[in-house]
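Right, one structure below, let's go through it.
Each residue takes its place number in the sequence, starting with 1.
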Amino acid sequence: MLEQTVTDFIKVLSSKEPVPGGGGASAAVGAFAAALGMMVGNLTIGKKRYAEVELEVMEINEELHRLQQRLVQLAEEDAKAFEPLAKAYGLPKETEAEQREKERIMEECLHTASLPPLNMMESILQVMQFLRILGEKGSRIAISDVGVGILFAKAALEGASLNVFINTKVMKNREKAEIMNEKANAMVQEGKALEAEIYEKVLEQII
């Protein structure tokens, strides 16, 4: 899905098609955050001023590229997970047997649909950690791009969390739902702290 042009992706996103939705958009924004980090890295590599950190930055760029590709993959997984869930909502429930079967299928689909956004959050948090390092060691001429990247990453992180919560809210297995909620909430709090720290440091250098 994200291998389309940006224009095509936005066009489909704005339509009434069920996918891509908030999950795919969150993955896309997270991939943009990773790309911004890579740009900072590329502006750092090869410069005499940053020779001491060049190897580290090269390794960071490799990791950011891996995370970027992972987020693209997760956008696809998110779309694939939504299709059976959408069908499950339309299952008949006229008889008790149909109701039980619908609940069983719904529970399975809701859990499955929660996994891609949870995985997105994990990848986005890693992007944020690398942006923090680039904010400290990367090219000063691109420090504002670290700031844009961390803002994108926070939006992507919280956007993905909403796609977890909307599914766990209606799960019958509350123990399983709360485990996922706690994991998502912990990542949101970690991401908020990272964003506040990194963004403040960026502002200190440009204002």
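In the hydrophobic clustering of this structure, I141 does not group with V57; members are Ile, Leu, Val, Met, Phe, Trp, Tyr whose side-chain heavy atoms approach within less than 4.5 Å, directly or through other members. A single hydrophobic cluster is seen to contain both I133 and V127, as judged by linkage of ILVMFWY side chains at heavy-atom distances under 4.5 Å, directly or through other members. Taken together through direct or relayed side-chain contacts under 4.5 Å among Ile, Leu, Val, Met, Phe, Trp and Tyr, V170 and L118 form part of one hydrophobic cluster. Put simply, I143 and L203 are part of the same group of oily side chains (I, L, V, M, F, W, Y) that touch within less than 4.5 Å, one to the next.
For residues 108-122, every residue pair satisfying the salt bridge (Lys or Arg N to Asp or Glu O under 4.0 Å) rule, not counting sequence neighbours, is listed here: R104-E108, E122-K183.
When all heavy atoms are compared, the tightest approach of V164 to A184 is CG1-CB, 4.3 Å.
Atom OH of Y50 is surrounded by more than 12 heavy atoms from other residues, nucleotides or ligands within 6.0 Å. The neighbour count for M58 CE, taken as heavy atoms of other residues, nucleotides or ligands under 6.0 Å away, does not exceed 12. No more than 12 heavy-atom neighbours from other residues, nucleotides or ligands sit within 6.0 angstrom of CG on L55. Around NZ of K47, the count of heavy atoms belonging to other residues, nucleotides or ligands within 6.0 Å exceeds 12.
Side-chain contact check for V12 versus P20: some heavy-atom pair is nearer than 4.5 Å. When side chains are defined from C-beta on, E98 counts as touching T95, because their heavy atoms get closer than 4.5 Å. Considering only heavy atoms from C-beta on, L85 comes within 4.5 Å of M106 through its side chain. Side-chain contact between S161 and M187: absent, with no pair of heavy atoms (C-beta onward) separated by less than 4.5 Å. E190 is not listed as a side-chain neighbour of M128, based on a closest heavy-atom distance of 4.5 Å or more. The closest side-chain heavy-atom distance from Q126 to L64 is not below 4.5 Å. Proximity of R174 to M171: side-chain heavy atoms (C-beta onward) are separated by under 4.5 Å at one or more points.
Between the side chain of E54 and the backbone N or O of G46, at least one donor-acceptor pair lies under 3.5 Å. A side-chain donor-acceptor contact under 3.5 Å links K102 to the backbone of Y89. In terms of modelled atom types and a separation under 3.5 Å, the side chain of Q205 and the main chain of R140 share no donor-acceptor contact. At distances below 3.5 Å, not a single donor-acceptor pair connects side-chain atoms of D78 with backbone N or O atoms of L74. Remark: side-chain polar atoms of E107 are not paired, donor with acceptor, to backbone N or O of E103 under 3.5 angstrom.
In this structure E59 satisfies the side-chain hydrogen bond (donor to acceptor under 3.5 Å, both in side chains) test with no other residue, sequence neighbours excluded. Residues satisfying the salt bridge (charged side-chain N to carboxylate O under 4.0 Å, His left out) test with K201, not counting sequence neighbours, are E136, E197.
For the atom pair NZ (K176) and CG (L110), the distance works out to 11.0 Å, reported to the nearest 0.5 Å. The CG atom of N163 sits 10.0 Å away from atom CE of M121, with the distance rounded to the nearest 0.5 Å. For the atom pair I45 CD1 and I60 CD1, the distance stands at 9.0 Å (nearest 0.5 Å). Rounding to the nearest 0.5 Å gives a distance of 3.5 Å between NZ of K137 and CD of E56. Rounding to the nearest 0.5 Å places CG of L157 at 9.5 Å from CG of L194. Remark: L67 CG to S123 OG distance equals 5.5 Å, nearest 0.5 Å.
Donor-acceptor pairing under 3.5 Å is recorded for the side chains of Q129 and R132.
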Under the side chain to side chain donor-acceptor pair (under 3.5 Å) rule, what do Q69 and Q73 come out as? Steps first, then yes or no, please.
-> CA-CA 6 Å; Q69 294 304 305; Q73 177 189 350; over 6 Å; no
Can you list the steps and then say if E195 with K192 is a salt bridge (charged side-chain N to carboxylate O under 4.0 Å, His left out)?
-> CA-CA 5 Å; E195 184 272 339; K192 284 182 176 179; over 6 Å; no
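Using a cutoff of 4.0 Å between basic side-chain nitrogens and carboxylate oxygens, E83 and K87 are scored as salt-bridged.
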Would you give me the side-chain donor-acceptor pairs under 3.5 Å for residues 146-153, sequence neighbours excluded?
none

Ignoring hydrogens and angles, write down the donor-acceptor pairs under 3.5 Å from the side chains of residues 24-44, residues two or more places apart or on other chains.
unit_1	atom_1	unit_2	atom_2	d
S26	OG	G22	O	2.8
S26	OG	A160	N	3.3
N42	OD1	N61	ND2	3.1
N42	ND2	M38	O	3.2
T44	OG1	V40	O	2.7
T44	OG1	S139	N	2.8

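Grouping Ile, Leu, Val, Met, Phe, Trp and Tyr residues whose side-chain heavy atoms lie under 4.5 Å apart, directly or via other members, places L91 in a hydrophobic cluster with I105.
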